[in-house]
Amino acid sequence: MAFMLSLLMALVLVSYGPGGSLGCDLSQNHMLVGRKNLRLLGQMRRLSSRFCLQDRKDFTFPQEMVEGSQLQEAQAISVLHEMLQQTFNLFHTERSSAAWDTTLLEKLHTGLHQQLDDLDACLGQVMGEEDSALGRMGPTLAMKRYFQGIHVYLKEKEYSDCAWEIVRLEIMRALSSSTSLQERLRMMDGDLNSP
């Protein structure tokens, strides 16, 4: 149901070592779950996207939010968390259950939930370390608006098979785009832990 979100977040998530600057350990298992979620999202394909060319849409993914060097660590984690949460919500609806293979959805849902739990721990720690939530509002709101556009699109297309296929591809692209943010977070973590 919210399985696609899990897959998206998996791509985006940060892998902190035992001495992570956030005091939270996103284990190797966490990263494996992310990769597994992406594979599940790929397996969910039910029809070729070339049959859905007329349904293509530019959802204007907030690329600067996942690639911009201006994001602080707390903002980056907040954006990743929002992306996963929104993905989870998107695929945790009755309409998504009707559109996708239930077994794959269940596995995706479980993986996303696991990743959100891991990120919740990090987000809780980072919130105490950084100034205020105000600095995270802009990037997080941009992510919320992006997903709102996806919801509006699905509704306008009456949740057709093609609309869901376009959204599935979009979510996979979004997660892939987030890998640079993941890299930045790893570097931030390394810089903060160096002597």
Side-chain angles (χ1 to χ4, degrees), residues 1-13 33-68 71 75-76 78-116 119 137-184:
M1 302 185 192
F3 321 108
M4 290 225 152
L5 188 84
S6 178
L7 186 55
L8 269 175
M9 283 315 270
L11 273 175
V12 177
L13 290 179
V33 169
R35 285 188 214 105
K36 182 179 176 187
N37 285 339
L38 279 174
R39 279 195 305 275
L40 285 168
L41 199 48
Q43 291 168 8
M44 288 169 65
R45 186 178 105 163
R46 291 178 44 210
L47 54 116
S48 172
S49 56
R50 57 181 185 180
F51 294 123
C52 303
L53 294 178
Q54 74 284 0
D55 292 304
R56 282 185 308 178
K57 177 172 174 61
D58 179 6
F59 294 102
T60 53
F61 179 71
Q63 199 75 30
E64 70 283 358
M65 293 305 146
V66 294
E67 289 184 352
L71 286 184
Q75 290 175 316
S78 183
V79 164
L80 292 175
H81 187 276
E82 186 64 30
M83 182 185 270
L84 279 177
Q85 187 63 60
Q86 291 287 339
T87 303
F88 183 89
N89 295 346
L90 182 65
F91 291 97
H92 193 72
T93 63
E94 233 179 272
R95 292 194 184 269
S96 68
S97 295
W100 304 109
D101 176 273
T102 314
T103 306
L104 292 174
L105 264 183
E106 285 298 329
K107 288 179 181 175
L108 183 57
H109 179 261
T110 300
L112 282 170
H113 195 279
Q114 192 176 338
Q115 288 191 302
L116 280 167
L119 268 187
M137 292 296 275
T140 303
L141 281 175
M143 195 57 70
K144 281 184 180 175
R145 275 191 222 103
Y146 165 71
F147 276 93
Q148 184 58 38
I150 291 174
H151 285 284
V152 168
Y153 166 81
L154 282 167
K155 190 174 181 181
E156 285 172 355
K157 294 290 185 178
E158 299 178 349
Y159 304 90
S160 70
D161 287 347
C162 268
W164 275 114
E165 176 59 19
I166 297 298
V167 167
R168 182 189 70 82
L169 289 169
E170 177 66 22
I171 298 295
M172 287 185 79
R173 258 193 303 275
L175 285 176
S176 296
S177 295
S178 306
T179 54
S180 61
L181 182 56
Q182 177 182 336
E183 258 332 290
R184 278 197 66 239

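Residue numbers count from 1 along this sequence. The model shown is predicted, which means the values in this text are computed figures rather than measured ones.
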State the [atom1]-[atom2] distance between [X] and [Y], to the nearest 0.5 angstrom.
X	Y	atom1	atom2	answer
Gln85	His113	CD	NE2	8.5 Å
Thr102	Lys107	OG1	NZ	12.0 Å
Met172	Arg45	CE	CZ	10.5 Å
Trp100	Glu165	CH2	CD	5.5 Å
Arg168	Gln43	CZ	CD	10.5 Å

Is the CZ atom of Arg46 crowded by more than 12 outside heavy atoms at less than 6.0 Å?
->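 Above 12, so yes.
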Is it true that a side-chain atom of Ser160 and a backbone atom of Ala163 form a donor plus acceptor pair closer than 3.5 Å?
-> yes
Dump the intermediate steps for side-chain contact (heavy atoms from CB on, under 4.5 Å) on Ser96 and Leu90, then the final yes or no.
-> CA-CA 8 Å; Ser96 68; Leu90 182 65; over 6 Å; no
Could you report the tightest heavy-atom contact between [X] and [Y], atom names first, then the distance?
X	Y	result
Ile150	Glu170	CD1-CG, 4.3 Å
Pro62	Met143	CG-CE, 4.0 Å
Met83	Phe147	O-CZ, 3.8 Å
Asp58	Thr60	OD1-N, 2.8 Å
Tyr153	Lys57	CD1-CD, 3.4 Å

Could you walk me through whether Arg95 and Leu154 pass side-chain contact (heavy atoms from CB on, under 4.5 Å), step by step?
-> CA-CA 10 Å; Arg95 292 194 184 269; Leu154 282 167; over 6 Å; no
Side-chain touch Met44/Asp101, heavy atoms, less than 4.5 angstrom =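 Contact flag for Met44/Asp101 side chains = no.
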Can Glu82 and Tyr146 be counted as having a side-chain donor-acceptor contact under 3.5 angstrom?
-> no
Using 30° and 60° as the class limits, which term best fits the ring planes of Trp164 and Tyr159: parallel, tilted or perpendicular?
-> tilted
